[in-house]
J.: 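I'd like to ask some things about the structure below.
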Amino acid sequence: TGWLRLSEAALRIHLNPGAVYAPRHSPTLHTTAALGQCIFTGTMYEVEQKLIVTDLADLQQRLLSLGVFWSEPVEQLDCYFQHPCRDFAETGEALRLRRDGTETFLTYKGPKLGGPVKTRREIEIPLLTSNQTTENLSEKNATDLSQLLQSLGFQPFATVRKQRRSAKLIHLQHSITLALDEVDHLGLFLEIETIAGEHELQQAHAVIMQLANQLHVEHVEPRSYLRM
């Protein structure tokens, strides 16, 4: 049995010893295999720009010139929860349960920081067992966790469904994640994202804005899909 310990938070989550827990963005993750512990030190921030895609063919050509190839599309179903004691709409926070193909993720997003690119703290915990191979098991994980959150007073209030293609590239020595999202009732969007530490934010902002300009995608959408 292990404990996941998050610095700067008084939150402890008791983990299933038969499961695999490995946050996707964890440059400051330290593990102790014998004790089954994951200990996070420092704070990492999601730095992201969302852009409206108006010319998909031109975007695809420019990405190909950078050696970028998209994954197969995966359906993502995002369920957002309200906090029982504070209004996330006022604080700018979000708690999201995501079904991503055969995977399930629980994500906390902190308030947005200032700057030209959307920047906020993110803590994301995958929930998948070592033998997880089917969408049905992912659905069960999501259902069980949703029931757990509701038992604690968190209430689901909105759902966002989209088809996502993803890709990765190294740009100006930064690891960049790209997402091409076809969002139900909203349209087609490109997300450019990286993860940065506290002292790397300004540089991360510049890298993302430079890449967006290089791709000739200029229509920035500052709102989250939830707020659109």
J.: Take K50 and E191 through the salt bridge (Lys or Arg N to Asp or Glu O under 4.0 Å) test and state the conclusion after the steps.
T.: CA-CA 4 Å; K50 182 188 287 92; E191 289 192 350; 3.5 Å; yes
J.: Output yes when E46 and K109 qualify as a salt bridge under the 4.0 Å nitrogen-oxygen rule, no when they do not.
T.: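 Salt bridge flag = yes for K109 with E46.
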J.: Which residues pass the ring-ring contact (aromatic ring centres under 6.0 Å, His included) test with F81, not counting sequence neighbours?
T.: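 For F81, no residue satisfies ring-ring contact (aromatic ring centres under 6.0 Å, His included) once neighbours in sequence are set aside.
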J.: Answer with yes or no whether the hydrophobic clustering places L178 together with V74; edges join I, L, V, M, F, W, Y residues whose side-chain heavy atoms lie under 4.5 Å apart.
T.: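 Different clusters: L178 never reaches V74 through Ile, Leu, Val, Met, Phe, Trp or Tyr contacts under 4.5 Å.
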J.: Looking at side-chain heavy atoms only, is the closest gap between L152 and P84 below 4.5 Å?
T.: no
J.: Applying side-chain hydrogen bond (donor to acceptor under 3.5 Å, both in side chains), run through E198 and Y45 and close with a yes or a no.
T.: CA-CA 7 Å; E198 222 173 328; Y45 294 89; 4.7 Å; no
J.: Inspect the contact between R223 and E221 and indicate whether a charged nitrogen and a carboxylate oxygen are less than 4.0 angstrom apart.
T.: yes
J.: Any chance CD of Q202 has more than 12 other-residue heavy atoms, nucleotides or ligands included, within less than 6.0 Å?
T.: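 Not more than 12 within 6.0 Å, no.
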J.: Closer than 4.0 angstrom, basic N to acidic O: yes or no for R120 and E48?
T.: no
J.: So, do L215 and L66 sit near enough that their side-chain heavy atoms are less than 4.5 Å apart?
T.: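 With C-beta onward as the side chain, the pair touches.
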J.: Distance from S224 atom OG to K112 atom NZ, nearest 0.5 Å?
T.: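 Reported to 0.5 Å precision, the distance equals 6.0 Å.
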J.: Before you tell me yes or no, could you show the steps for I195 and V47 under side-chain contact (heavy atoms from CB on, under 4.5 Å), namely the whole-Å CA-CA distance, both residues' side-chain angles and the distance that decides it to 0.1 Å?
T.: CA-CA 6 Å; I195 300 298; V47 183; over 6 Å; no
J.: What pairs meet the ring pair (Phe, Tyr, Trp, His ring centres under 6.0 Å) rule with one or both residues in residues 196-217, with sequence neighbours excluded?
T.: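 As it turns out, there is no ring pair (Phe, Tyr, Trp, His ring centres under 6.0 Å) pair with a partner in residues 196-217 once direct neighbours are skipped.
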J.: Does the side chain of W70 come within less than 4.5 Å of L63's, by heavy atoms?
T.: yes
J.: Excluding sequence neighbours, so at least two apart, what forms salt bridge (Lys or Arg N to Asp or Glu O under 4.0 Å) with D55?
T.: none
J.: Walk me through whether R161 and D78 qualify under salt bridge (Lys or Arg N to Asp or Glu O under 4.0 Å).
T.: CA-CA 6 Å; R161 186 187 300 269; D78 296 340; over 6 Å; no
J.: Other members of the hydrophobic cluster containing F157, with the 4.5 Å side-chain heavy-atom rule, please.
T.: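 Answer for F157: I52, Y80, V160, V183, L186, F189, Y225, L226, M228.
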J.: Using the side-chain contact (heavy atoms from CB on, under 4.5 Å) rule, take V217 and T54 through it: C-alpha gap first, then chi angles, then the decisive distance, then the call.
T.: CA-CA 8 Å; V217 188; T54 57; over 6 Å; no
J.: What is the distance from atom CG of L106 to atom CG of L95, rounded to the nearest 0.5 Å?
T.: 5.5 Å
J.: So Q49 and L51, do their side chains get closer than 4.5 Å, heavy atoms only?
T.: yes
J.: Of R62, H171, M209, which meets side-chain contact (heavy atoms from CB on, under 4.5 Å) against Q214?
T.: H171
J.: P111 and E93: which non-hydrogen atoms are nearest, and at how many Å?
T.: CD-CG, 3.8 Å
J.: Run the side-chain hydrogen bond (donor to acceptor under 3.5 Å, both in side chains) test on S65 and Q61 for me, step by step, so that the C-alpha distance in whole Å, both residues' side-chain angles and the decisive distance to 0.1 Å come before the verdict.
T.: CA-CA 6 Å; S65 72; Q61 191 60 41; over 6 Å; no
J.: Applying salt bridge (charged side-chain N to carboxylate O under 4.0 Å, His left out), which residue pairs with at least one partner in residues 174-189 are found, sequence neighbours left out?
T.: R164-D181
J.: List the steps, then state whether side-chain contact (heavy atoms from CB on, under 4.5 Å) holds for S175 with I170.
T.: CA-CA 5 Å; S175 178; I170 302 298; 4.0 Å; yes
J.: Is any side-chain heavy atom of V207 closer than 4.5 Å to a side-chain heavy atom of T194?
T.: no
J.: So do H174 and Q203 actually touch side chain to side chain, heavy atoms under 4.5 Å?
T.: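 They are in contact (side-chain heavy atoms under 4.5 Å apart), so the answer is yes.
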J.: A side-chain contact here means heavy atoms from C-beta on lying under 4.5 Å apart; do Q210 and L172 qualify?
T.: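 Yes, their side chains come closer than 4.5 Å.
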J.: Answer yes or no: is there a donor N or O on one side and an acceptor on the other, between the side chain of S71 and the main chain of R165, under 3.5 Å?
T.: no
J.: With rounding to the nearest 0.5 Å, note down the distance linking CD1 in I192 to CG in L211.
T.: 4.5 Å
J.: Tell me whether S146 contacts the main-chain N or O of A142 through its side chain, where contact means a donor paired with an acceptor under 3.5 Å.
T.: no
J.: Is it true that atom CD of E200 has more than 12 heavy atoms of other residues, nucleotides or ligands lying nearer than 6.0 Å?
T.: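 For E200, atom CD is crowded (more than 12 foreign heavy atoms under 6.0 Å).
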J.: State which residues pass ring-ring contact (aromatic ring centres under 6.0 Å, His included) with F88; sequence neighbours excluded, sorted by chain then number.
T.: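 F88 satisfies ring-ring contact (aromatic ring centres under 6.0 Å, His included) with H83 once adjacent residues are dropped.
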J.: Just wondering, do Q76 and R98 contact through their side chains at under 4.5 Å, heavy atoms?
T.: yes
